[in-house]
Every structure is written in structure tokens, then in C-alpha cells.
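I have placed the structure first, in the form of C-alpha cells, so that the comments after it can refer back to it.
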Amino acid sequence: MLDINFVRQNPDEVIAMLKRRQMAGEAPRVTRLLELDTERKQMVQRADDLKALRNRVSKEIADIKRTGQGSADQLILQMKTVSDDISTLDTELSTLETDMEEILLALPNKLHESVPEGRTAEENMLYKGPIEFIHQLDFPVRNHLDLGKSLGILDFERGAKISGAGFPVYIGKGARLERALINFMLDTHTANHGYTEVFPPFMVNQESLRGTGQWPKFADQVYHMPEDGLYAIPTAEVPVTNLHRGEMLDAASLPVAYAAYSACFRREAGSYGKDTRGFLRVHQFNKVEMVRFTRPEKSYEALEEILSHAENLLCALKIPYRVITLCGGDISANAAKCYDIEVWSPAEGKYLEASSVSNFEDYQARRSNIRFKPDGKSKPEFVHTLNGSGLATSRLMVSLLEHYQTADGKIKVPEALRQYTGFDIID
RNA sequence: GGAGAGGUCGCAUAGUUGGUCUAGUGCGCUCGCCUGGAAAGCGGGUAGGGUGUAACAGCCCUCGAGGGUUCGAAUCCCUCCCUCUCCGCCA
């Protein structure tokens, strides 16, 4: 969430940002927020004055009672009225603050100056690539569904039976390949890229969703267990970023870098009929996520590093990809800047998003109150948080199966994965 | 799920017949004195947020969270969360 002080001092900048995000319609809410803010200050001042009076007189009453000199009845009577006024003011104040928070929580993040102008995904900008790797596909390529089915390694029908559409089942060498990918990615990040491995809970409470910004904005995309007040995580970003919710991090420990595997659960409400085949859009998938907490001045450096860590995996797997910078109209509300890594699918004839690498600056840190002290004496500051998929396996699996297929319908295992699968070919 | 105990200023603790608790003490940390230097000793400091100010000061809030009683709540009452012990159930 944005700093109310920032909004107060730079309302024009906030409104310009909303325009860049194609959300100009939200601008009146900023004006409303500032009205409430002014009102709040006045109200706080009045309530505080009354509280100061009450504190002072309560001490006088205590003195009178203790020394037994004189009567406190008159003062007590007066303070009864004062206390009534205070509770009236406090009630109004809390309503006002709830209204302010509602607006503030719904306002999107600032945009970095380098984010390209644009309304839709069509106007995203190519940042790197395409990065090519040669695969001899000089025969009619089959898509991942065909391959998976004929080799008996993927079973969407039975997944639909036991859970519903969008819950794939991996079987035999398919299950092993999936696990190999996860292990390969985690091992690479921990051994080569300096991340600490985390295995987080897959269900979180509402405070955690709010902390990373999935709540309230994306509430309808998250599976909910109302009996227990828990939500299935849409990404490991949620539990891992919230590890430090409400904490004051030791400045010397920054940057903190975590890599976490998790299953990810998404309702994908409203996206029916769009890229729904096979792995292209599923309700449960596996992902290794990189999460960073950095000093503010280091976060854009960290963004490039995380991107390169995700790219390293694709290079090791020799999967063709490109990197795009999301434009103002396509970037998610929480991010100040975001790169997507897209892998090429020869059967679909298009690029598929396999990773999203974002800098949230202090947007999540302010929501979840994650701070550090720049040095011993100075005031606490919010850290910057970042994360990036490294990588999501489902779309990656599409591209991998398609690129590594042979003319006779088998799948070669990429070199980098062989020590993890224990076999070279799926047949 | 049942019974009991407990959650206090970084850590450890005091405080529970409501009012000198705007939370004491010890440790840690830090600054100063002392010293050739250090230890010990002595003295001071030691949270966050809001409001306010040019900046200070001042004022308000926070003793797990949220309500309530009261002129006044760490202290009394209610709800919730968490931790520990025992019982039950169970992968």
C-alpha cells in the first residue's frame, strides 16, 4: 500500500500513476482519501486533547482519594462527560480510519519510470531475446497433451474425476520428471544463487494474503476454507514474504533471499475458455519461487539478479525463451515493475508465461510492516520486497515435452535433469 | 475435542485486594567518566506508531489481539489467538 504521507504530498503523481495503469476512473477515490485524511487529523487532535485532560484530572482524583483532602465527586462527574465525548469521537475516528484503509489497500503500487506506457498485453515490450536453443524438430511436432497421454505420464481425465478440470495427475516417469525439475531448480538456487531454502505451509490466514496484496483485490482467485479461516496459497510468495511480517530485520542480514517450492492453487475464475487446454491453465501447479528482502536502494539491482537466476535455469535446460517488460496497463497492481519470462511452445506456436519477476518496492512491506534500521540510531524504514518464479513447472513442462520429443514419440531428458531423473528417455 | 497453567519494554523477570506503574529490577547493547590500554567500578541512555514542530518540546496510543466495566485498567469481566502440561482422538 502507498504511504498516506506520499499521497498527501503528491496527489498528482498518484493520479498520473492511475492513468498509466488504465485506472483513471479510480482518481476520485484519491481525492476522497485526502478529504478523510484532513478530517481525521482534526478529529485525532480533539480526541487527544480530551484524553490529555482526562489523564491529568484522573491523577488529581487519585491524589484527593489518597490524601483524603476534599471531595472528588465534582471532578468525577465532569470526567464522566469527557469520557463519553472521547468514546463518541473514538468510534467516529475508527469508522473514518476503516474507510481510509479500504481505499488505501485498494490503491495500486507506484510504477517505476522504466515501465513502458501501454494499455494491454499487446503493448508489453521485449526486454531480452528471443534466446534460442537448437532442437531438431524436423517432423510434425505433437503437443504436450498428445505426448503425455500416449506415453502414459500425464492423466488429465483421472485428475478431473478425483478433483475436477485443471487438476493434472503426473504418473510414472512423468511424476519423476516433475520432481526432478523441482529438485534441479531448488538445488541450483541454493547452491549457485545464494538462496536459503524454505518449505512453507500451503495454507495461510487472511492477514498473510493482505500482507502480500492478494487480499482484498484478488480474493476471488483464492481457494477458501471457511471453517478454519484458511486460504490455499496461490504462490509461495505469500507464506514466504509473510515469514517476516511485523518484524524489524537486522540491517546486516539484508538482503535476505529465500527459495521455496510449493504447490500453487488458483481458482482462475472468469478465465474459462482462454488457454484452457492441458497445462496451459490449471488450478494446481508446482512452482519454485525466489523471494528477496532488500534495502530500498538495492532493489532494482536485485530485480535484475532474480531475473538472471530464472534465466539460468532455462539456459541449463536449453528451452527457448524471451523476456518482456510488462506495460502500465498489464502489470499487476502490487508490482512497481515486472518482467515476464515466456517459453516457446512449438506446438502452440506461441510464447507461454513461465515466470514473473517483480519488484514491489515498499508496497508489500508497508502492508505487512517489514522494516529494518538503516543504522543503529536512525528511524526504521520499510524494506523492499521482490520475487520471481524460478520457475513454474506447468508451462515449462509444455515447452520441455514439446522441444525434447523425438520423431518416434519419445521424450529425451535434458542433460541437466538426468542426475535427478535417473533415466535419459521417456518411452 | 476436554481439563489446567501462562502470554509484560531485545532477553529474563517484578507487578493481579484497580490510582505515586507516564511499568521496577537484572542481563544485553550503547555513550561518558576512570585507565598507558583494558577489565571492574561509577553515571547516563536504551521501543514502535500517531499528532505536532523549521527542528526540538509537548500531547495521545500500545503490557498477545479485540471488546466491556470505571472518573481512572498491566491489574476486574467477556470473546478470540498463541504457548506449555495432562487426557481423548488420529496420519
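Per chain, numbering begins at 1; letters A, B, ... match sequence-line order.
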Between N or O atoms, less than 3.5 Å apart, protein on one side and nucleotides 88-91 of chain B on the other: list the pairs.
none

Could you tell me which nucleotide pairs with [N] by Watson-Crick or G-U wobble geometry, both distances under 3.5 Å, or answer none if nothing does?
N     : answer
B/U79 : B/A65
B/C9  : none
B/G45 : B/C29
B/A23 : none
B/C56 : none
B/U70 : none
B/G1  : B/C87

Residues in salt bridge (Lys or Arg N to Asp or Glu O under 4.0 Å) contact with [X], at least two apart in sequence or another chain:
X        : value
A/Arg29  : A/Glu26
A/Asp63  : A/Arg66
A/Glu102 : none

Original post:
Which parts of nucleotides 46-55 of chain B does protein reach within less than 4.0 Å, heavy atoms only, written one letter per nucleotide 5' to 3' as B for base, S for sugar-phosphate only and - for none?
Top reply: -SSSBSS---
**OP:** Scan residues 37-48 of chain A for pairs that pass side-chain hydrogen bond (donor to acceptor under 3.5 Å, both in side chains), counting only residues two or more places apart or in two chains.
**Re:**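 As it turns out, the side-chain hydrogen bond (donor to acceptor under 3.5 Å, both in side chains) pairs with a partner in residues 37-48 of chain A, which skip direct neighbours, are A/Arg8-A/Asp37, A/Arg40-A/Glu97.
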Distances for protein N/O vs nucleotides 71-76 of chain B N/O pairs under 3.5 angstrom?
from  : atom 1 : to      : atom 2 : distance (Å)
B/C71 : OP1    : A/Lys80 : NZ     : 2.6
B/C71 : OP2    : A/Lys80 : NZ     : 3.2
B/C71 : O4'    : A/Ile76 : O      : 3.3
B/C71 : O3'    : A/Ser83 : OG     : 3.2
B/G72 : OP1    : A/Ser83 : OG     : 2.8
B/G72 : O4'    : A/Ser58 : OG     : 3.3

Rounding to the closest angstrom, what is the interatomic distance between [N] and [M] at atom [atom1]?
N     : M     : atom1 : answer
B/G24 : B/U35 : C1'   : 33 Å
B/G72 : B/C60 : C1'   : 16 Å
B/G6  : B/G15 : P     : 12 Å
B/U8  : B/A74 : P     : 15 Å
B/U75 : B/G68 : P     : 14 Å
B/U22 : B/C61 : P     : 11 Å
B/C9  : B/C27 : C1'   : 14 Å
B/U25 : B/A14 : C1'   : 7 Å

Original post:
With sequence neighbours excluded, what pairs up with A/Asp424 under the side chain to side chain contact (heavy atoms under 4.5 Å, CB included) test?
Top reply: A/Arg418
**OP:** Identify, with sequence neighbours excluded, every residue that meets side chain to side chain contact (heavy atoms under 4.5 Å, CB included) alongside A/Leu111.
**Re:**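 So A/Leu111 forms a side chain to side chain contact (heavy atoms under 4.5 Å, CB included) with A/Met17, A/Arg20, A/Arg21, A/Val115, A/Ile331.
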Subject >> Electrostatic pair A/Arg267-A/Asp220, nearest N-O below 4.0 angstrom >> reply: no
Separation of atom [atom1] in [X] from atom [atom2] in [N], rounded to whole Å:
X       : N     : atom1 : atom2 : result
A/Asp90 : B/G66 : CG    : P     : 13 Å
A/Leu89 : B/C60 : CG    : P     : 16 Å
A/Arg56 : B/G58 : CZ    : C1'   : 12 Å
A/Leu50 : B/C61 : CG    : C1'   : 15 Å

Original post:
On RNA chain B, nearest-nucleotide positions of A/Asn55 versus A/Ala62: which is more 5'?
Top reply: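 The 5'-side residue here is A/Ala62.
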**OP:** Using the salt bridge (Lys or Arg N to Asp or Glu O under 4.0 Å) rule, collect all pairs that involve residues 287-296 of chain A, keeping only residues at least two apart or in two chains.
**Re:**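 Matches after skipping sequence neighbours: A/Lys287-A/Glu289, A/Arg292-A/Glu305, A/Arg295-A/Glu297.
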Subject >> A/Lys110 to A/Tyr363 six-membered ring, cation-pi geometry met (6.0 Å, 45°) >> reply: no
**OP:** Indicate the atoms forming the closest heavy-atom contact of A/Gln22 with A/Arg119, along with that distance.
**Re:** OE1-CG, 3.0 Å
Original post:
Side chain of A/Asn109, backbone of A/Asn334: donor and acceptor closer than 3.5 Å?
Top reply: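 Here the side-chain-to-backbone pair exists.
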Subject >> Touch class at under 4.0 angstrom, heavy-atom based, for A/Asp63 against every strand present >> reply: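 Touches nothing.
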**OP:** Kindly write out the residues that satisfy side-chain hydrogen bond (donor to acceptor under 3.5 Å, both in side chains) with A/Glu35, not counting sequence neighbours, or none if the list is empty.
**Re:**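 Result, side-chain hydrogen bond (donor to acceptor under 3.5 Å, both in side chains) vs A/Glu35: A/Arg32.
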Original post:
Does anything in residues 234-259 of chain A pair up under ring-ring contact (aromatic ring centres under 6.0 Å, His included), and if so which pairs, sequence neighbours excluded?
Top reply: A/His244-A/Tyr258, A/His244-A/Phe293
